[in-house]
Protein chains: 2
Amino acid sequence: MKSWQTVRAEALARIRSGAWPPGETIPREADLAEEFGCARATMNRAMQSLADEGYLDRRRKGGTRVAAMPVRKAVFEIPVIRQQVEQRRSTHAYRLVTDRLTTPPEAVCAALKFGSRMQLRRVTALHLADGKPFCVEDRWLNPAFAPPGEADFAEVSANEWLVRHVTYSTGTLAFYARPANAALVRLLKCAHGASLFAIDRTTFDAGTPITSVTLTYAPGYRMETLM
Amino acid sequence: MKSWQTVRAEALARIRSGAWPPGETIPREADLAEEFGCARATMNRAMQSLADEGYLDRRRKGGTRVAAMPVRKAVFEIPVIRQQVEQRRSTHAYRLVTDRLTTPPEAVCAALKFGSRMQLRRVTALHLADGKPFCVEDRWLNPAFAPPGEADFAEVSANEWLVRHVTYSTGTLAFYARPANAALVRLLKCAHGASLFAIDRTTFDAGTPITSVTLTYAPGYRMETLM
DNA sequence: AAGTGGTCTAGACCACAAA
DNA sequence: TTGTGGTCTAGACCACTTG
């Protein structure tokens, strides 16, 4: 009895070796199942896995073909910053910088799809690894989700508090480079204009805006993954 | 008859709503299948999908529990640069800058796990969107995979040629920020020291090094995705 | 030892898109 | 209309892990 992962591996080997060249239509599931010696359901699972990862294009009636221009997908894990630091075997520390209700700039309203310019809770904080600045967290927060009374960010970062209390939201994510401004120079102790890696994340809960955050990392930070 | 995606959606709703709180063990598959009115195989497929995305932790005998500190995963598509430009409804153009055999610096040898410092093919090129600099491609290439005779990068970029001819390799990927050096200033027509978003990618074919490339994007570039 | 998820199978029907 | 992938089902057995 062959596992679908075995079948998948064999099929992938055919693709990589060129036995099934890019663009070519491969036999139907039923035939392949017979050839590989498994049930069609097993074959289906294997091929679907390859299709999910961009190796194959499948269409009902049209059959299955090897992707000609495969769109490679990279998966990044977006962890809690404390865990991220601890994974590097460093000691995490955290310092709250500001926490107050403020009227947000238009860009933030647009990201959160806030029509009215209601006041939002602005939280800025610094994360440190082994005592050195690691990341600046600059956040706008819908106070309905984290009332100042309930959520105190003096000890636990907003980053971590939200992961624990407002889990499983949806949203957008962007990676980019930005120069260090005065505030970042002060917190990260880097040169003015230094190239910094940054992440913008905006999250919603069933259409209701929760938070918009910019994480700016100290110079030299790299976000890495395997393909 | 319920589809596994319907079941998945219902289960996800329970997680998001807090009906199944973080850290809590949920009923066994067989019971859930009965409750949801589907076969266990269908239930399994739905739950497995949620586990793959980090919503659930599943263990044989241990049961299934809602992840307490979910590791959110972001999926980025790494397209061919030409397609990336054309998706933005811009016109793509390409200019080869250099293409010659050179002894690579140690950092490149290390990335490619080349013990001997054999000569590699170095290809640098500029991609343009609507005539404006979009991205600089700086590549070290194992000549065994792309002999100068076979692979001519005057018209088709190495980026695209490799996707077509050396498909389906594995490797590493990193995103980071870097300041513009003299070469980048000249090609991207940006200010010296400007913050630029960059991608390092190193690929192997069954352990054999193929290529190591740095893509550096013009100022303002953002790599975006949904969560 | 026992209970849970992981998977396989065979057969069936459905949904979609190409002919 | 027809052929392909997409999915469901019921039952079975296996593999891992916990007690």
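Just so it is clear: chains get the letters A, B, ... in the order the sequence lines come, proteins before strands, and each one is counted from 1.
Looking at B/T214 and B/D138, their side chains never bring a donor and an acceptor atom within 3.5 Å of each other. In this model, a donor atom of one side chain and an acceptor atom of the other lie less than 3.5 Å apart for B/E29 and B/N44.
Evaluation of the ring pair (Phe, Tyr, Trp, His ring centres under 6.0 Å) rule for A/F76 yields A/F175, B/F76, B/F175 as partners, not counting sequence neighbours. For B/T25, the side chain to side chain donor-acceptor pair (under 3.5 Å) test picks out B/R65, with sequence neighbours left out.
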Inset, instruction - Sugar-phosphate atoms are those with a prime plus P, OP1 and OP2; base atoms are the rest. Using that split, label each nucleotide of nucleotides 9-19 of chain D B, S or - for protein heavy atoms under 4.0 Å, 5' to 3'. - result: B--B--BBBB-
Inset, instruction - Mind running ring pair (Phe, Tyr, Trp, His ring centres under 6.0 Å) on A/Y176 and B/F197 for me, showing each step along the way? - result: CA-CA 6 Å; A/Y176 60 100; B/F197 179 79; 8.5 Å; no
Legend entry - Residues A/L173, A/I78; criterion side chain to side chain contact (heavy atoms under 4.5 Å, CB included); working and verdict: CA-CA 10 Å; A/L173 187 66; A/I78 312 290; 3.8 Å; yes
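Phosphate proximity of C/dG6 to B/N44: present, with a side-chain N or O under 4.0 Å from OP1 or OP2. Residue B/Q48 places at least one side-chain N or O under 4.0 Å from the OP1 or OP2 atom of C/dG6. One finds a side-chain N or O of A/T64 lying less than 4.0 angstrom from the OP1 or OP2 phosphate oxygen of D/dG5.
Taking the six-membered ring where the residue is Trp, B/F134 and B/Y217 present perpendicular rings, their angle passing 60° and hence far from 30°.
Contacts between residues 24-33 of chain A and DNA chain C, counted as heavy-atom distances below 4.0 Å, involve no residue at all.
Between B/M43 atom CE and D/dT7 atom C1' the separation is 16 Å, expressed in whole Å. Taking atom CZ of A/R65 as the reference point, atom P of D/dT4 lies 14 Å away to the nearest angstrom. Following rounding to the nearest Å, B/Q5 (CD) and C/dA15 (C1') show an atom-to-atom distance of 13 Å. A/R58 places its CZ atom 9 Å from the C1' atom of D/dT4, with the value rounded to the nearest Å. Distance, B/L56 CG to C/dG5 P: 11 Å, rounded to whole Å.
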Side-chain donor/acceptor pairs under 3.5 Å, residues 142-151 of chain A, sequence neighbours excluded:
unit_1	atom_1	unit_2	atom_2	d
A/N142	OD1	A/A144	N	3.0
A/N142	ND2	A/P209	O	2.9

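Applying the salt bridge (charged side-chain N to carboxylate O under 4.0 Å, His left out) test to pairs two or more places apart or on separate chains, those with a residue in residues 75-96 of chain B are B/R82-B/E86, B/R82-B/E160.
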